[in-house]
Amino acid sequence: MMDKTIVELHEELKSGKVTSDELVQESLKKSHEVQEKCNAFVTILDDAKGTEVTDDLLSGIPFGIKDNYSTKGILSTGSSNTLKDYVPFFTATAIENLTKHGCVPVNKTAMDEFGMGGTGTTGHTGVQKNPWDTSRMCAGSSSGSAAAVAAGVYPFATGSDTGDSIRKPAAFCGIVGYKPTYGMISRYGLFAFASSLDTCGVLTRSVEDAAIVVDAMKGIDPKDMTSWDSSNINLYKDLSKDVKGKKLFYIKEIVDKNNYKNLPKETEEHLDNFMKTIDKVKELGIEVEEVSINQDLLNAIASTYVVISCAEATSNMSNLTGFSFGPRGEGSTYQEQMKDHRTKGFSSLIKRRFVIGSYVLQAVNQDKYFKNAQRARRLIVDAIKEQFKKYDGLILPVGTGPATKLDNHDMVSDDELTVLDEHLQIGNFGGFPSITIPNGFVDGLPVGINITGNCYDDQNVLNIAYALESSMDYKNQIAKEVK
Ligand code: GLN
């Protein structure tokens with residue numbers, strides 16, 4: 001049953017063909033299988049029970065929670081040793097909003113430590129493996145959520161996205177990943193990574209399911225001053241609005257094969273795939289045009305992201321001292337204890353980021369690095385917003401192709417491919433709504449395509465994604481092992 005969509009599951013529940021308890025049991029059984037194969041979870045909630053089935057589409061349906069969402073009475077580690085025993089006394093607003101609809105959490109999904117990383121290899125419980133091919137990564141940081149949804153553990157799991165952490169793993173696992181406009185979903189209770197970029201969202205196997213889930217998660221929250229009132233937006237109800245006459249653009253410098261000297265074969269195919277899908281988009285009556293964006297600005301995306309996200313992370317995570325949360329470090333002074341806690345607690349990737357963050361925030365460096373990165377961020381966002389005056393959205397391929405091999409994960413990708421790999425960060429710079437949907441296969445492995453729109457224009461972005469998804473064959477795709 002767990003291969004079904006939310007609406008299909010709801011019908012089965014309503015007609016009495018299955019009970020919520022049976023669904024939960026099936027999902028738990030599947031969780032253990034996927035744990036064995038992909039190492040997707042930090043915690044499996046074996047005591048989970050079904051709930052009453054109401055007219056609410058989400059009632060009685062099992063789902064997963066990324067481990068950086070605080071859950072009252074349930075271990076919430078953010079996949080970090082620094083919080084390996086942390087059990088919060090409150091639940092994140094987004095999760096409370098969801099469970100009010102009667103859906104049932106069955107596990108907490110593993111991730112890159114505190115969301116920092118794009119490989120699913122840095123969490124304290126080990127590496128997440130891609131259910132399509134376990135020698136490959138899921139991407140990250142929502143690696144466990146992506147693996148579980150793709151493997152058919154349940155129809156949806158929450159994710160968080162600071163640079164691309166929902167949308168990249170969705171692409172690598174052949175599913176849908178939706179990051180709504182910044183502040184549409186409250187961040188209260190989401191472990192902070194880089195607060196000006198962090199966004200809650202969801203991984204599903206269809207655009208429809210993404211709309212249903214985000215409708216439930218969103219809403220203004222007095223506990224998050226960046227949240228806003230979206231009660232006039234009903235993503236699910238308005239999903240099939242006509243898209244004829246809409247206009248999209250793609251960025252020439254990113255998708256033009258001639259812009260790259262040494263294009264790997266799979267990247268070339270991925271870009272060809274993208275262009276073929278552009279023809280499908282046009283058949284839907286959507287205009288698509290090529291737009292040039294200043295190459296210097298595009299080249300600045302990745303470094304701008306590094307400076308801003310590392311600076312914010314360094315500041316946000318200075319509370320992880322081992323005194324108020326996590327295991328107490330050893331030593332005879334509080335400085336020694338703190339040092340011991342942080343030395344043992346964090347992975348080397350995070351420590352490197354803290355070094356960068358501290359450096360760019362130092363008084364002598366701040367203007368040169370941190371403030372300049374803010375300026376670059378503004379220029380990048382302005383360039384894209386300028387296009388949104390004319391276009392309804394930006395359409396681009398996700399990443400450089402299908403999932404990378406796990407044994408290559410330390411390989412620094414070719415410099416000239418960086419923009420292709422990292423451009424989704426534009427969505428976080430601007431707080432833009434952004435959705436990845438599956439776009440077929442390269443070498444038998446899934447690849448993704450992304451649509452990003454202007455702030456508050458989630459409805460429009462989902463309408464286009466829904467229409468495009470309906471014209472292709474990759475909806476509600478479950479991972480089939482390819483070898
Ligand atoms: N890959 C990015 C990083 O390493 C994105 C992380 C995210 O979106 N949480 O920081």
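One-based numbering, in listed order, for ligands and for the atoms of each.
For ligand 1, the atoms lying closer than 4.0 Å to a non-hydrogen atom of S141 are 9 (N). Listed by number with element, the atoms of ligand 1 under 4.0 angstrom from any heavy atom of T162 are 7 (C), 8 (O), 9 (N). Near G115, with a cut-off below 4.0 Å to any heavy atom, the atoms of ligand 1 are 6 (C), 7 (C), 9 (N). Listed by number with element, the atoms of ligand 1 under 4.0 Å from a non-hydrogen atom of G117 are 1 (N), 3 (C), 4 (O), 6 (C), 10 (O). Less than 4.0 angstrom separates some heavy atom of D164 from each of these atoms of ligand 1: 1 (N), 2 (C), 5 (C), 8 (O). Near F193, with a cut-off below 4.0 Å to any heavy atom, the atoms of ligand 1 are 9 (N), 10 (O).
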Intermediate values then yes/no, side chain to side chain contact (heavy atoms under 4.5 Å, CB included), K66 and L190: CA-CA 10 Å; K66 187 173 176 180; L190 177 79; over 6 Å; no
Residue pair F191, Y69: steps toward the ring pair (Phe, Tyr, Trp, His ring centres under 6.0 Å) verdict: CA-CA 6 Å; F191 297 172; Y69 284 79; 9.0 Å; no
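Considering backbone and side-chain N/O atoms, G163 comes within less than 3.5 Å of an N/O atom of ligand 1.
Of the listed residues (V176, T5, L98, D209), just one forms a side-chain contact (heavy atoms from CB on, under 4.5 Å) with F156, and that residue is L98. Of the candidates T226, N68, T162, N428, D198 forms a side-chain hydrogen bond (donor to acceptor under 3.5 Å, both in side chains) with just one, namely T162. Screening S230, P433, P180, C200 for a side-chain contact (heavy atoms from CB on, under 4.5 Å) with V214, the sole residue that qualifies is P180.
Summary of contacts: the protein heavy atom closest to atom 10 (O) of ligand 1 is Y305 OH, 2.7 Å. Among protein heavy atoms, the minimum distance from atom 4 (O) of ligand 1 is reached at R353 NH2, 2.6 Å. Looking only at heavy atoms of the protein, atom 7 (C) of ligand 1 is closest to S165 OG, 2.3 Å.
Between F193 and M116, the closest side-chain pair of non-hydrogen atoms falls below 4.5 Å.
One finds a salt bridge joining D272 and K257 here, because a Lys/Arg side-chain nitrogen approaches an Asp/Glu carboxylate oxygen to under 4.0 Å.
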